[in-house]
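Structure first, commentary second.
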Amino acid sequence: MGFISRVMGFSARNRAVPPLALYESSLAQDSRRADTVLAVLDLDAAINAHERWKERLMDYLEGRSAKGLDPAMVRRTDQDALGRWLHGVGAELLGDRPAFTLLVARHQYFHEQAATIVELAQQGEWPRVVQVLNGGYRHGSSQVVLLLKELKRSLAQEAASAQ
């Protein structure tokens with residue numbers, strides 16, 4: 001969750017002021033909200049967190065990691081940095097956007113595919129591992145990145161049109 005720690009000084013350890021309280025004022029304009037949300041949410045860091053998780057899976061599959069992976073934990077979407085953001089601050093600030101709803105679903109699909117890969121690898125089913133890696137896993141990952149970029153683009157467009 002390091003990429004959201006800059007959210008108005010708000011961190012998981014200090015939840016005294018909910019982040020939406022900063023935007024709920026009837027005086028705040030929607031365009032100002034888009035500009036502010038864009039400034040505090042580092043969506044590029046969210047993409048990087050997703051990419052780092054993919055590297056961790058590849059390290060596991062290629063034997064470069066001494067840490068094992070549990071398919072049940074891999075399947076959970078609230079255990080990685082992106083998932084914690086999606087289920088926390090991201091949902092609070094962007095949960096009303098259709099692209100965000102789709103992002104959450106694609107992130108779940110990605111984790112389902114990754115868990116399947118881990119299960120197949122543990123069973124020694126390497127041809128099927130490659131098949132899932134090159135199929136649903138790759139597609140799910142691409143969708144997650146594209147939707148994060150779409151959120152960033154739409155927020156930037158809203159902020160620019162407000163000026």
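Just so you know, residue 1 is the first one in the sequence shown, and it goes up from there. Everything quoted here is computed from the prediction, not taken from an experiment.
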Min side-chain heavy-atom separation Trp85-Leu43 under 4.5 Å = yes

For Met73, the side chain to side chain contact (heavy atoms under 4.5 Å, CB included) test, sequence neighbours excluded, returns Asp70, Arg76, Gln79

Between Val74 and Ala115, which heavy-atom pair has the shortest distance, and what is it?
-> CG1-N, 3.5 Å

To the nearest 0.5 Å, how far apart are CG in Asp78 and CG in Leu86?
-> 10.5 Å

Kindly compute the distance separating CG (Leu147) from CZ (Arg153), expressed to the nearest 0.5 Å.
-> 11.5 Å

Straight-line distance of Asp59 CG to Arg64 CZ, nearest 0.5 Å = 4.5 Å

Measure the CG-CG distance between Leu61 and Leu133 for me, rounded to the nearest 0.5 Å.
-> 6.0 Å

Thr101 and Asp96, any side-chain heavy atoms less than 4.5 Å apart | no

Restricting to pairs with a member in residues 100-111, which pass salt bridge (charged side-chain N to carboxylate O under 4.0 Å, His left out), not counting sequence neighbours?
-> none

Side chains of Leu94 and Leu155: does their closest heavy-atom pair fall under 4.5 Å?
-> yes

In sequence, state the C-alpha distance, the side-chain angles, and the governing distance for Glu51 and Lys54, and then conclude on salt bridge (charged side-chain N to carboxylate O under 4.0 Å, His left out).
-> CA-CA 5 Å; Glu51 295 298 328; Lys54 287 173 38 182; 3.3 Å; yes

When clusters are formed by joining ILVMFWY residues with side-chain heavy atoms under 4.5 Å apart, either directly or through shared neighbours, do Phe100 and Ile47 land in the same one?
-> yes

Side chains of residues 120-127: which donor-acceptor partners sit under 3.5 Å, not counting sequence neighbours?
from: Gln122; atom 1: NE2; to: Tyr60; atom 2: OH; distance (Å): 3.3
from: Gln122; atom 1: NE2; to: Leu69; atom 2: O; distance (Å): 2.9

Can you check salt bridge (charged side-chain N to carboxylate O under 4.0 Å, His left out) on Glu119 and Arg75, steps first, answer last?
-> CA-CA 11 Å; Glu119 289 168 342; Arg75 191 168 273 111; 3.4 Å; yes

What pairs with His111 under ring pair (Phe, Tyr, Trp, His ring centres under 6.0 Å), at least two apart in sequence or on another chain?
-> Trp53, His107

Which salt bridge (charged side-chain N to carboxylate O under 4.0 Å, His left out) pairs, counting each pair once, include a residue from residues 126-141, with sequence neighbours left out?
-> none

Is Leu103 reachable from Tyr109 through a run of I, L, V, M, F, W or Y residues, each pair having side-chain heavy atoms under 4.5 Å apart?
-> no

Identify, with sequence neighbours excluded, every residue that meets ring pair (Phe, Tyr, Trp, His ring centres under 6.0 Å) alongside Tyr137.
-> Phe110

Can you find a heavy atom in the side chain of Leu148 that is under 4.5 Å from one in the side chain of Val144?
-> yes

Could you grab the distance from atom OG of Ser141 to atom NE2 of His50, nearest 0.5 Å is fine?
-> 3.0 Å

Interatomic distance, CG@Leu102 vs CZ@Arg97, rounded to 0.5 Å, equals 14.5 Å

